[in-house]
Engineer: 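What follows is a structure written as structure tokens; I'll ask about it next.
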Amino acid sequence: MAEDVKSLNFIEHIIEEDLRSGYAKDDLRFRFPPEPNGYLHIGHASSICLNFGLGLRYNAPVNLRFDDTNPTKEEKEYVDAIKEDVAWLGYTWDQECYASDYFQQLYDWAEELIKKEKAYVDSQSSEEIANQKGTPTEAGKESPYRNRSVEENLKLFEGMKNGEFEEGAHVLRAKIDMASPNMLMRDPVMYRILHKAHHRTNTDWCIYPMYDWTHGESDYIEQVSHSLCTLEFLPHRELYNWFLDQLVDSDKLRPKQREFARRNLSHTVVSKRKLLQLVESGAVEGWDDPRMPTISGLRRRGYTPESIRNFADTIGIAKRENVVDVSLLEFHLREHLNKIAPRVMAVLNPLKVVITNYHEGKEEWLDAENNPEDESAGTRKIPFSRELYIEQEDFREEANRKFFRLKLGGEVRLKNGYIIKAESCSKDSSGNITEVQCSYDPKSKSGSGTEESLRKVKGTLHWVSVPHAITAEVRLYDRLFTDATPDGHKEKDFMEFVNPESLTKITGYLEPSLQNAKVGDRFQFQRLGYFNVDKDSSDEKLVFNRTVTLRDTWAKLEQK
RNA sequence: UGGCCUAUGGUGUAAUUGGUAACACAGCUGAUUUUGGUUCAGUCGUUCAAGGUUCGAGUCCUUGUAGGCCAACCA
């Protein structure tokens, strides 16, 4: 513990300070409060990791609370997806809560506020109320209904609850201060009438509480100690506290709200609205499209929960605006996949190689290491024969010394196999290379221990045996946006930056051991990248997603 | 032109609360390597500006500047 050198973020400093000033460690409790109106994305992951990370750090419970106060947008489908995503990230919540479970308590408290003349029923239209609100630089005007009697307010409020009025006929407002410099304090709406069925309470209620009236009170009911939200809620804190002031019991814990900056990721967007737009416009195929920065998209793409948690941990949390480079996410992804992904060979852009001095019809099963980073992963057998596929870009008729791959007259090692030498090549009528004829050194077999096998050859290529290869659809993903900050341009819509080449589907040739790969299985296709089996796979057809390429210093050299 | 928040390498985050500005990524060199992967070694580069307090300021004060948030019966 004393060796824990990890520095604290500002939230942890606040908690440590609270602890020092007498806060009992057992009183610590956190919550992750999603609204079930969409899918979770990488930005939420940061918040999830923050709250659940705090729970782990202080051994404190963390509730999963659905902020379900708006039946017009919320659905059970989203509740289920959110639970799946949080669990997949590896976290266990203490209680599964719903703001809708507190509707009765909230209603009772609202009546108390009316009795204390801290709330009133306003019967104006939303336009009228908006017009009276004033602006940030000028005070608002008081509603003509502001001073209704307690009795009348009580009666009207009950009528609202009982469904006696049309939507929009009345609202319940807190009576605070129409001249406050904080617009949120200008008699905010607490309840509106909505004749809509709710995903949990069905038609029990036809009035629904607003966010501000619900959130802090839910925290209080659950005795959440630190209620963490994003920066745009900072002005809400005054109102959060005002509501608590009206009803907090001094022998109960009083929650405190603190705000942090939402995390933005380069080359993507993290906003439910924009994500929805991508789905509805057909730019992607759904919420879990592997190009989406949703948790479900990242999962399908092949990301591991560990990599996302490490990423969240590294970027930390603060109060300033930020755009985290996606390469940091990819670093953590590769770091983890490098440790766990079995290596296999697959050729994506095949070029046939014929080993002219290898017997026709002969085949050998060679030993191949499954993961050089993990000895316990063991070895497997891969077939070798006279006809092989290598990558087109691994052969050139001529090339300089920097090109470590196959060229005419040059030698190269076939991974786990033999050293071969390119003797000649064939071309089609338009000059494209169609086949390379090579000779092999029979004594150079990998692992045989012979002098020849130990020879240093600069290049090593991956390959598959033509007669043994199986095929699969391989989906190559590139960044969804061509710009680092697609939604950071005032005069251009983010949709203009959608990368038209973010998905390429090709046929790949794979070593036969992949025949039995299961949906979700992750592999490193050697020298190419990490791939996983997509859920679109069937018994007849394998589909692989490219999760991320390997780091490629050769590609960088070539660009120069 | 009201109120509030923020400002540290290219990016993100730290700095024992006033005491040598550091960590990770990215970049660049080189070594190792049967993956141009991994690993290892090295390297580049930072406190928004101007004043002030102080022996000493990223940290405190003043004034600027820049960016963000706030006028939904959304959350």
Side-chain angles (χ1 to χ4, degrees), chain A residues 5-9 13 33-35 37 67-70 72-74 122 125-126 129-140 167-168 170-173 180-184 186 188-194 207-208 210-212 214-215 229 231-238 259 261 263 266 272 314-332 334-335 338-339 343 345 369 372-373 402-405 412-417 419 446-447 453-462 484 524-529 549-558:
Chain A
V5 288
K6 196 187 172 303
S7 52
L8 305 181
N9 61 45
H13 279 297
E35 183 190 10
N37 69 343
D67 231 331
D68 56 348
T69 58
N70 187 353
T72 61
K73 299 202 292 189
E74 295 151 5
D122 197 338
S125 68
S126 59
I129 292 175
N131 289 337
Q132 289 163 3
K133 211 106 222 205
T135 69
T137 51
E138 50 181 304
E167 287 187 12
H170 308 282
V171 291
L172 184 74
R173 289 227 259 171
S180 170
N182 183 347
M183 301 285 294
L184 290 156
R186 324 243 262 226
V189 173
M190 294 171 68
Y191 278 93
R192 76 284 214 192
I193 298 168
L194 246 30
I207 55 173
Y208 290 91
M210 301 291 289
Y211 166 83
D212 287 299
T214 309
H215 201 91
C229 59
L231 237 35
E232 69 267 28
F233 288 97
L234 198 150
H236 293 247
R237 187 150 114 196
E238 191 180 359
E259 311 80 15
R263 317 313 314 220
S266 75
K272 279 184 197 170
T314 304
I315 61 178
I317 209 77
K319 293 175 80 166
R320 55 176 160 171
E321 280 174 56
N322 59 81
V323 183
V324 184
D325 199 313
V326 70
S327 67
L328 185 56
L329 212 210
E330 291 175 344
F331 164 78
H332 286 287
R334 291 189 181 107
E335 183 188 45
N338 177 50
K339 288 188 196 124
R343 271 58 168 174
M345 292 203 283
E369 209 177 3
E373 305 294 317
K402 291 272 185 65
F403 186 76
F404 302 161
R405 308 177 182 188
V412 84
R413 158 81 59 187
L414 292 176
K415 179 85 183 167
N416 302 312
I419 294 172
S446 291
S453 73
L454 267 17
R455 276 173 54 211
K456 295 289 175 197
V457 185
K458 191 64 186 171
T460 301
L461 305 187
H462 63 277
Q524 184 195 99
F525 289 2
Q526 283 189 111
R527 300 212 302 136
L528 296 174
T549 61
L550 255 27
R551 274 188 68 211
D552 192 349
T553 50
W554 166 244
K556 277 180 208 150
L557 274 177
E558 280 230 298

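Throughout, protein chains are lettered first and strands after them, A, B, ... in sequence-line order, and every chain is numbered starting at 1. Everything quoted here is computed from the prediction, not taken from an experiment. Hydrogens, waters and symmetry mates play no part in the numbers below; they use all other heavy atoms, side chains included.
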Engineer: For A/Gly140, report the nucleic acid contact type (base, sugar-phosphate, nothing); a contact means any heavy atom under 4.0 Å.
Structural biologist: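 Nothing, no nucleic acid heavy atom in range.
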Engineer: Within the pair A/His13 and B/U16, is there a side-chain N or O less than 4.0 Å away from OP1 or OP2?
Structural biologist: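 So the side chain of A/His13 is outside the cut-off, no N or O lying under 4.0 Å from OP1 or OP2 of B/U16.
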Engineer: What dot-bracket string describes RNA chain B from 5' to 3', counting Watson-Crick and G-U wobble pairs whose defining distances are under 3.5 Å, with [ ] for crossing pairs and | for pairs to another strand?
Structural biologist: .((((((..((((.....[..)))).(((((.......)))))....(((((..]....))))))))))).....
Engineer: Using the side-chain contact (heavy atoms from CB on, under 4.5 Å) rule, pick out the option among A/Thr69, A/Val171, A/Leu172 that qualifies with A/Tyr191.
Structural biologist: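 One option only clears the test, and that one is A/Leu172.
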Engineer: State which residues pass ring-ring contact (aromatic ring centres under 6.0 Å, His included) with A/Phe233; sequence neighbours excluded, sorted by chain then number.
Structural biologist: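 Per chain and number, A/Phe233 pairs via ring-ring contact (aromatic ring centres under 6.0 Å, His included) with A/Tyr211, A/His236.
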Engineer: A/Leu328 has an atom CG; how far is it from atom P of B/A24, in whole Å?
Structural biologist: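 After rounding, the gap between these two atoms is 12 Å.
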Engineer: If we ignore angles and hydrogens, is there a donor and acceptor under 3.5 Å between the side chains of A/Asp325 and A/Ser327?
Structural biologist: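 Per modelled atom types, A/Asp325 and A/Ser327 side chains form a pair under 3.5 Å.
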Engineer: Just by distance, do the side chain of A/Ser266 and the backbone of A/Val326 share a donor-acceptor pair under 3.5 Å?
Structural biologist: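 Confirmed, A/Ser266 side chain pairs with A/Val326 backbone.
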Engineer: Between atom CD in A/Gln524 and atom C1' in B/U34, what is the gap in whole Å?
Structural biologist: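 Rounded to the whole Å, the gap is 14 Å.
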Engineer: Evaluate the side-chain proximity of A/His462 to A/Asn416: yes if any heavy-atom separation is below 4.5 Å, no if none is.
Structural biologist: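 The answer is no; the side chains never approach within 4.5 Å.
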Engineer: Say you pick atom P in B/U1 and the same atom in B/U59; how far apart are they, in whole Å?
Structural biologist: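 My reading of the P atoms in B/U1 and B/U59 gives 27 Å.
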Engineer: Between A/Arg405 and A/Trp554, is any pair of side-chain heavy atoms under 4.5 Å apart?
Structural biologist: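 With C-beta onward as the side chain, the pair touches.
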Engineer: With A/Arg237, which residues qualify under side chain to side chain contact (heavy atoms under 4.5 Å, CB included), at least two apart?
Structural biologist: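 Side chain to side chain contact (heavy atoms under 4.5 Å, CB included) list for A/Arg237, sorted by chain: A/Asn241, A/Gln257, A/Arg258, A/Glu259.
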Engineer: May I have the distance from A/Glu74 (atom CD) to B/C74 (atom C1'), rounded to whole angstrom?
Structural biologist: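 Spelled out: CD on A/Glu74 to C1' on B/C74 is 9 Å.
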Engineer: Any donor-acceptor pair under 3.5 Å between the side chain of A/Glu373 and the base of B/U39?
Structural biologist: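 Side chain to base: no pair below 3.5 Å.
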Engineer: Could you tell me how far apart A/Glu138 (CD) and B/G2 (C1') are, to the nearest whole angstrom?
Structural biologist: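 Result: 10 Å.
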Engineer: Please state whether the phosphate of B/U35, meaning OP1 or OP2, lies under 4.0 angstrom from any side-chain nitrogen or oxygen of A/Arg413.
Structural biologist: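 Checking A/Arg413 against B/U35: no side-chain N or O falls below 4.0 Å of OP1 or OP2.
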Engineer: Protein-nucleotides 42-47 of chain B N/O pairs closer than 3.5 Å?
Structural biologist:
none

Engineer: Shortest non-hydrogen contact from A/Glu238 to A/Asn182?
Structural biologist: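 Between these two residues, the closest heavy atoms are OE1-ND2, 2.9 Å.
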Engineer: Keeping A/Arg263 on the side-chain end and A/Gly316 on the backbone end, is there a donor-acceptor pair under 3.5 Å?
Structural biologist: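 Looks like yes, one N/O pair under 3.5 Å.
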Engineer: Can you measure A/Leu8 atom CG to B/C23 atom P for me and round it to whole angstrom units?
Structural biologist: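 One finds 18 Å between P of B/C23 and CG of A/Leu8, rounded.
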Engineer: Does OP1 or OP2 of B/U16 have a side-chain N or O of A/Ser7 closer than 4.0 Å?
Structural biologist: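 Negative; the distance criterion is not met.
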Engineer: Taking 4.0 Å as the cut-off, does a side-chain nitrogen or oxygen of A/Arg237 come that near to OP1 or OP2 on B/G3?
Structural biologist: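 Answer is no, no contact under 4.0 Å.
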Engineer: Please list, for nucleotides 68-71 of chain B, all pairs of protein and nucleotide N/O atoms separated by less than 3.5 Å.
Structural biologist:
{"unit_1": "B/G68", "atom_1": "OP1", "unit_2": "A/Lys490", "atom_2": "NZ", "d": "3.4"}
{"unit_1": "B/G68", "atom_1": "O4'", "unit_2": "A/Glu321", "atom_2": "OE2", "d": "2.6"}

Engineer: Mapping A/Thr460 and A/Asp68 onto RNA chain B by nearest heavy atom, which one lands closer to the 5' end?
Structural biologist: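 Whichever sits nearer the 5' end wins; that is A/Thr460.
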Engineer: Can you see if the side chain of A/Lys319 gets near the phosphate of B/U6 - specifically, an N or O under 4.0 Å from OP1 or OP2?
Structural biologist: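 It does, given that an N or O in the side chain of A/Lys319 lies less than 4.0 Å from OP1 or OP2 of B/U6.
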Engineer: Is any side-chain nitrogen or oxygen of A/Thr553 closer than 4.0 Å to OP1 or OP2 of B/G37?
Structural biologist: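 Checking A/Thr553 against B/G37: at least one side-chain N or O falls below 4.0 Å of OP1 or OP2.
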Engineer: Under 4.0 angstrom, heavy atoms only, what part of the nucleic acid is A/Glu330 near: base, sugar-phosphate, or nothing?
Structural biologist: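 The residue A/Glu330 makes no contact with any strand.
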Engineer: Any base atoms under 4.0 Å from A/Val324, or only sugar-phosphate, or nothing? Heavy atoms, all strands.
Structural biologist: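 Counting heavy atoms under 4.0 Å across all strands, the contact made by A/Val324 is with sugar-phosphate only.
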Engineer: So what does A/Val457 touch, heavy atoms closer than 4.0 Å: a base, only the sugar-phosphate, or nothing?
Structural biologist: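 Touches nothing.
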Engineer: With the criterion set at under 5.5 Å between ring centres and under 30 degrees between planes, would B/G36 be stacked on A/Trp554?
Structural biologist: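 A/Trp554 vs B/G36: stacking yes.
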Engineer: Mind checking if A/Asp552 touches a base, just sugar-phosphate, or nothing, with heavy atoms under 4.0 Å?
Structural biologist: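 Result for A/Asp552 = sugar-phosphate.
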Engineer: Taking donor-acceptor contacts at under 3.5 Å, does the side chain of A/Thr137 reach the base of B/U1?
Structural biologist: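 Between B/U1 and A/Thr137, which were checked side chain against base, a qualifying N/O pair under 3.5 Å is absent.
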Engineer: For a quick check of understanding: with a heavy-atom distance under 4.0 Å over all strands, which category does A/Asn416 fall into, base, sugar-phosphate or nothing?
Structural biologist: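 The answer is base, as A/Asn416 lies within the cut-off (heavy atoms under 4.0 Å) of a base atom.
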Engineer: Any idea which heavy atoms bring A/Arg173 and A/Asp122 closest together, and the distance?
Structural biologist: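 For A/Arg173 and A/Asp122, the tightest heavy-atom pair comes out as NH2-OD2, 3.0 Å.
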Engineer: B/C25 phosphate, OP1 or OP2: any side-chain N/O from A/Arg334 under 4.0 angstrom?
Structural biologist: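 Checking A/Arg334 against B/C25: no side-chain N or O falls below 4.0 Å of OP1 or OP2.
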Engineer: Check nucleotides 27-33 of chain B for protein N or O atoms closer than 3.5 Å to its own N or O atoms and list the pairs.
Structural biologist:
{"unit_1": "B/G27", "atom_1": "OP1", "unit_2": "A/Lys556", "atom_2": "NZ", "d": "2.5"}

Engineer: Is there a side-chain contact between A/Arg527 and the phosphate of B/G36, meaning an N or O under 4.0 Å from OP1 or OP2?
Structural biologist: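 Yes, within the criterion.
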Engineer: Any donor-acceptor pair under 3.5 Å between the side chain of A/Glu238 and the base of B/G3?
Structural biologist: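 Looking at the base of B/G3, it does not pair with any donor or acceptor on the side chain of A/Glu238 (distance under 3.5 Å).
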Engineer: Which part of the nucleic acid, if any, lies within reach of A/Lys272 when heavy atoms closer than 4.0 Å are counted: base, sugar-phosphate only, or nothing?
Structural biologist: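 The residue A/Lys272 makes no contact with any strand.
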Engineer: Taking all non-hydrogen atoms of both residues, which atom of A/Val412 and which atom of A/Val457 are closest, and how far apart?
Structural biologist: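 That closest heavy-atom pairing would be CA-CG1, 3.6 Å.
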Engineer: CG/A/Asn70 to CG/A/Asn37 distance, rounded to the nearest 0.5 angstrom?
Structural biologist: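 Answer for the CG-CG pair, A/Asn70 versus A/Asn37, is 8.0 Å.
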Engineer: Hey, is A/Phe331 stacking on B/A24? Ring centres under 5.5 Å, planes under 30°.
Structural biologist: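 No; centroid distance or tilt outside limits.
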Engineer: What is the nucleic acid contact for A/Glu35, judged by heavy atoms within less than 4.0 Å: base, sugar-phosphate only, or nothing?
Structural biologist: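 Touches sugar-phosphate only.
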Engineer: Between A/Arg343 and A/Gln526, is there a donor-acceptor pair closer than 3.5 Å when you use the side chain of the first and the backbone of the second?
Structural biologist: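 Pair absent, no side-chain N/O of A/Arg343 close to backbone of A/Gln526.
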Engineer: Taking all heavy atoms of A/Pro33 and all of A/His215, pick out the closest pair and write down the distance.
Structural biologist: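 Looking at all heavy atoms of both residues, the closest pair is CB-CE1, 3.6 Å.
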Engineer: From CD of A/Glu335 over to P of B/U38, roughly how many Å is that when rounded to an integer?
Structural biologist: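 Taking atom P of B/U38 as the reference, CD of A/Glu335 is at 11 Å.
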Engineer: Rounded at 0.5 Å granularity, tell me how far CD in A/Glu321 sits from CG in A/Leu231.
Structural biologist: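 Here the interatomic distance stands at 8.5 Å.
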Engineer: Base, sugar-phosphate or nothing for A/Phe403? Non-hydrogen atoms, less than 4.0 Å.
Structural biologist: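 Here A/Phe403 touches the bases of the nucleic acid.
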Engineer: Are A/Glu167 and A/Leu194 packed together at the side-chain level, in the sense that at least one heavy-atom pair is separated by less than 4.5 angstrom?
Structural biologist: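 Answer yes - side chains close enough.
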Engineer: For A/Pro372 and A/Asp325, take the nucleotide of RNA chain B holding the closest heavy atom to each; which residue's nucleotide lies nearer the 5' end?
Structural biologist: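 Closest to the 5' end, via its nearest nucleotide, is A/Asp325.
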Engineer: With a 4.0 Å cut-off on heavy atoms, is A/Ser446 in touch with a base, just the backbone sugar-phosphate, or nothing at all?
Structural biologist: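 Contact class for A/Ser446: base.
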Engineer: Just how far, in rounded Å, is P of B/U35 from CZ of A/Phe525?
Structural biologist: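 Whole-Å distance recorded here is 19 Å.
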Engineer: Between B/A26 atom C1' and A/Leu329 atom CG, what is the distance in whole Å?
Structural biologist: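 Interatomic distance, CG of A/Leu329 to C1' of B/A26: 14 Å.
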Engineer: Under 4.0 angstrom, heavy atoms only, what part of the nucleic acid is A/Leu528 near: base, sugar-phosphate, or nothing?
Structural biologist: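 Here A/Leu528 touches no strand at all.
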Engineer: Report yes or no: do A/Arg413 and A/Ser446 form a side-chain donor-acceptor pair below 3.5 Å?
Structural biologist: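 Indeed, the side chains of A/Arg413 and A/Ser446 share at least one donor-acceptor pair under 3.5 Å.
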